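Model, not experiment: these values are computed from the prediction. So you know, we letter chains A, B, ... as the sequences are listed, proteins then strands, and number each from 1. Below, all heavy atoms of this structure are taken into account, side chains as well, without hydrogens, waters or symmetry copies.
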2 protein chains.
Amino acid sequence: MSKITIKELAQKLNLSISTVSRALSDSYETSEETKKKVKALAEQLGYQPDLYASNLRSRKSKTIGVIIPEITNSFFSLAINGIEEIAREKGYHVLIYLTHESYQQELSISRLLLDGRVDGVLMSVSSETTDVKHLADFNERKIPVVLFDRIHDGYKTLKVGTDDYQSGFRSALHLIQKGCKNLAYLSISKQLCMDKRRMKGFLDAVKKFEIRSRVVYCHQDDAGNEKVLSGLLSAEDAPDGIFASVEKLGVAVYEVCNKLSVSIPEKLKVISFSNLKMAPLLQPPLTTITQPAFEIGKQATVALFKALKNNFIYEEDEEIIIRSELIVRRSTE
Amino acid sequence: MSKITIKELAQKLNLSISTVSRALSDSYETSEETKKKVKALAEQLGYQPDLYASNLRSRKSKTIGVIIPEITNSFFSLAINGIEEIAREKGYHVLIYLTHESYQQELSISRLLLDGRVDGVLMSVSSETTDVKHLADFNERKIPVVLFDRIHDGYKTLKVGTDDYQSGFRSALHLIQKGCKNLAYLSISKQLCMDKRRMKGFLDAVKKFEIRSRVVYCHQDDAGNEKVLSGLLSAEDAPDGIFASVEKLGVAVYEVCNKLSVSIPEKLKVISFSNLKMAPLLQPPLTTITQPAFEIGKQATVALFKALKNNFIYEEDEEIIIRSELIVRRSTE
DNA sequence: TTGTACGCGTTATCAG
DNA sequence: CTGATAACGCGTACAA
């Protein structure tokens with residue numbers, strides 16, 4: 001019972017291979033009667049069409065690839081949730097690849113996906129990525145690529161993200177309104193378009209109100225961040241308000257404050273991009289800019305399927321923006 | 001440049017298809033010279049062997065399937081991290097499927113994976129699953145299956161988990177030592193072997209010390225859990241110590257305590273299975289039983305590759321136990 | 001060392 | 001409505 005093929009079904013039913021094939025695919029040019037017989041036997045013997053054979057003919061893999069920097073990040077796990085939901089609905093399969101924020105990994109994974117394994121790609125570029133030539137290869141293979149969250153200027157396609165500039169602006173404004181006089185923006189990457197936009201919004205607000213501010217470039221590794229933040233917070237002119245551009249950095253701030261006994265919000269007000277379900281349960285509850293992660297994943301997938309269905313690839317820039325929400329909690333009181 | 005095939009390479013080099021094929025696979029019966037020429041051209045034209053064609057011949061997909069209940073759960077995202085790492089190392093691809101704790105989904109996903117798409121499967125069964133007949137189908141197809149974390153009695157294979165019984169026992173003991181007189185065990189499923197073991201450990205400790213206790217069966221949905229826990233905690237004889245058998249329930253307890261202003265640890269001591277990085281930052285810091293999630297994912301994958309490499313499937317029960325750690329924090333002080 | 005020819009399981013085309 | 005036959009791209013006996 002291990003490998004039933006169409007051929008065996010045909011033999012047992014005294015039909016030709018092609019008739020069986022047609023019956024199984026519900027072709028209109030087959031009698032209802034044979035369809036029933038064939039399907040019954042197929043069901044009974046547990047027939048499964050061979051994936052590789054049928055893909056070889058049809059040139060479709062019914063699979064999409066998802067390339068993300070990391071998965072232990074509530075934004076990405078929620079996004080995957082959305083992606084998987086839509087994909088399963090459409091009968092597609094989802095391959096997951098993690099770059100761990102490494103450009104090299106991103107490169108080699110991209111290369112792997114050129115072998116016809118996937119019909120389309122969803123991607124969030126790594127924070128190291130500056131050059132996006134590897135993405136052009138997908139165009140040559142007519143594989144549509146949709147970028148989400150970690151979008152990149154250098155590659156033209158459909159992009160799904162949030163209102164980064166506005167979020168940065170609102171965050172700075174909120175801190176200023178709460179009385180901060182000395183702000184810091186924690187950046188995760190000098191290259192990422194998303195980071196630049198958040199920063200731009202933040203800096204514009206700061207400039208408008210003529211508040212002192214600085215930008216702190218952080219690292220990928222926790223140890224490095226602890227060092228940077230410890231330095232920052234124990235300095236003479238330590239900031240009194242921090243905006244963490246990504247969740248990881250918000251958590252790092254809490255950890256360091258905990259260690260150094262810097263009290264939030266009295267000495268330092270903190271606001272962070274985050275999708276942590278536990279934000280309200282932290283000590284103190286964390287004010288967040290929360291992205292609709294699930295929805296972003298979903299929209300990106302819907303857009304990808306639009307391309308897949310109509311057999312085109314996105315060659316011009318186009319953006320779908322889904323707003324983030326500022327949720328005020330005790331950390332900025 | 002979109003679809004270079006072996007045939008085109010052959011034409012351009014005035015060689016036969018088979019020679020090119022051999023050259024690319026480094027066959028010993030090919031001259032070094034032709035190998036070089038072929039490989040050079042292949043590289044230059046960006047040749048990628050067609051996955052489906054070659055799999056159709058070789059009957060190997062170089063892909064494993066991972067079926068888990070949910071991804072927004074720090075245990076599973078860490079585990080996937082470990083899985084992906086090993087898989088990539090071995091040149092394998094990883095397909096992800098989420099059951100959302102639904103038995104029906106698990107069933108239909110399992111069926112999908114019988115079509116030769118994957119060489120092996122890693123799985124954590126859903127909390128609804130009682131019947132595991134669907135897993136037997138993998139055996140018939142000679143597809144090895146390794147269970148991790150959410151293991152199930154009914155299916156014989158290699159299983160990777162943690163010391164559930166001991167963890168349950170230790171947790172109850174810890175609460176008792178901290179002075180609790182009235183304990184509650186929060187269960188996520190009546191079927192799961194893992195849950196039963198944790199509960200058994202818990203109940204054995206309780207019995208040994210003759211402490212009052214009860215078992216509370218919780219739900220999959222947050223709303224349902226809020227209701228159950230609100231009832232539990234506002235009752236006359238509310239427990240003074242809780243052991244949450246999974247992270248989700250630990251978080252739910254915090255949320256309800258927050259809402260009802262039940263103070264932890266004064267009125268209620270809480271200990272929970274959890275891989276939350278933020279456990280120390282919660283209000284108050286949460287005492288956890290922490291599983292080596294990354295390592296569990298890794299070991300499960302290593303075991304799967306052992307089967308894959310030696311071309312066998314696990315047909316007898318065998319367990320790999322990786323110990324969890326009790327990390328005491330303020331929630332049980 | 002290289003080329004010829006066939007088959008993997010399917011789907012698509014063309015007759016009948 | 002059904003059957004024979006030719007691809008899809010690759011790998012591999014077998015022959016040269």
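- Here salt bridge (Lys or Arg N to Asp or Glu O under 4.0 Å) pairs that include residues 120-135 of chain B, with residues two or more places apart or in two chains, are B:D131-B:K133.
- Distance CG (A:N55) to P (C:dA12): 12 Å, rounded to an integer number of Å.
- For A:N310, the side-chain contact (heavy atoms from CB on, under 4.5 Å) partners at least two apart in sequence or on another chain are A:K306, A:F312.
- Remark: B:L15 engages B:L13, B:T19, B:V20, B:T34, B:V38 in a side-chain contact (heavy atoms from CB on, under 4.5 Å) (not counting sequence neighbours).
- Considering only residues two or more places apart in sequence or on other chains, A:K39 meets the side chain to side chain donor-acceptor pair (under 3.5 Å) condition with A:D26.
- Note on B:L56: a base of the nucleic acid sits closer than 4.0 angstrom, heavy atoms only.
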Once base and sugar-phosphate atoms are separated, protein heavy atoms under 4.0 Å mark nucleotides 1-7 of chain C, 5' to 3', with B, S and - as BBBB--B

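- An OP1 or OP2 oxygen of C:dT11 is reached within less than 4.0 angstrom by no side-chain nitrogen or oxygen of B:Y52.
- Partners of B:L95 according to the side-chain contact (heavy atoms from CB on, under 4.5 Å) rule, which considers only residues two or more places apart in sequence or in another chain, are A:T63, A:H93, A:L95, B:T63, B:Y97, B:R117, B:V118.
- Counting non-hydrogen atoms under 4.0 angstrom, A:T5 reaches the backbone sugars and phosphates but no base.
- Here the range on DNA chain D touched by chain B, meaning any atom under 4.0 Å from one of its heavy atoms, is D:dG9 to D:dA13.
- Where the helix from C:dT1-D:dA16 to C:dG16-D:dC1 starts and where it ends, the local axes point in directions that differ by 40°; five pairs per end, rounded to 10°.
- Counting only residues at least two apart or in different chains, ring pair (Phe, Tyr, Trp, His ring centres under 6.0 Å) contacts with residues 31-68 of chain B comprise A:Y52-B:Y52.
- The distance between atom NZ of A:K7 and atom P of C:dT11, rounded to the nearest whole Å, is 15 Å.
- Annotation: side-chain contact (heavy atoms from CB on, under 4.5 Å) contacts of B:E8 (sequence neighbours excluded): B:I4, B:T5.
- Applying the ring pair (Phe, Tyr, Trp, His ring centres under 6.0 Å) test to pairs two or more places apart or on separate chains, those with a residue in residues 121-145 of chain B are B:Y103-B:H134.
- For the pair A:L9 CG and C:dT11 P, the interatomic distance rounds to 12 Å; values are reported in whole Å.
- Taking atom CG on A:L51 and atom P on C:dT11, their separation rounds to 11 Å, with Å as the unit.
- Considering only residues two or more places apart in sequence or on other chains, A:D317 meets the salt bridge (charged side-chain N to carboxylate O under 4.0 Å, His left out) condition with A:K159.
- Side chain of A:D119 to main chain of A:K60: no donor-acceptor pair is present (N/O by atom type, distance under 3.5 Å, no hydrogens or angles).
- In this structure, CZ of B:R59 is placed 11 Å from C1' of C:dT10, rounded to the nearest angstrom.
- Ion pairing between a basic and an acidic side chain is recognised when a charged N comes within 4.0 Å of a carboxylate O; B:R150 and B:E106 show no such pairing.
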